[in-house]
Amino acid sequence: MQPSSSYQVTFFSPYPFQKGQKIHISSGPRKGDWEVIGVDDKKVRLKCPVSLREFEWHRFCYYTGDKELSQWPQKD
């Protein structure tokens with residue numbers, strides 16, 4: 001058996017959050033709509049636009065695309 005000369009590789013990069021962004025997390029325990037209210041090299045601070053609760057987490061999101069939405073926050 002000869003070694004393969006190429007491999008299918010998937011790359012991920014941390015998303016470069018910016019204060020004021022409106023984001024939607026599509027799955028997982030942080031699923032839903034959020035506003036970025038703070039960001040540094042290690043953590044991101046998010047605010048729920050419905051409950052107005054704020055959370056700070058280690059950076060965790062990865063960019064998957066943009067969509068034009070007619071409503072934000074979205075209703076479940």
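This is a predicted model, so every value here is computed, not measured.
The CD1 atom of I23 lies 9.0 Å from the CG atom of D33; values are rounded to the nearest 0.5 Å. To the nearest 0.5 angstrom, F17 atom CZ is 11.5 Å from W34 atom CH2.
For E56, the side-chain hydrogen bond (donor to acceptor under 3.5 Å, both in side chains) test picks out no residue, with sequence neighbours left out.
Hydrophobic clustering keeps W57 apart from V50 (ILVMFWY residues linked when any side-chain heavy atoms are closer than 4.5 Å, directly or through intermediates). Placement of V36 and Y15 within a single hydrophobic cluster is found when ILVMFWY residues are connected by side-chain heavy-atom separations under 4.5 Å, directly or transitively.
Residue pairs meeting the side chain to side chain donor-acceptor pair (under 3.5 Å) criterion with at least one member in residues 36-52, sequence neighbours excluded, are R45-E54.
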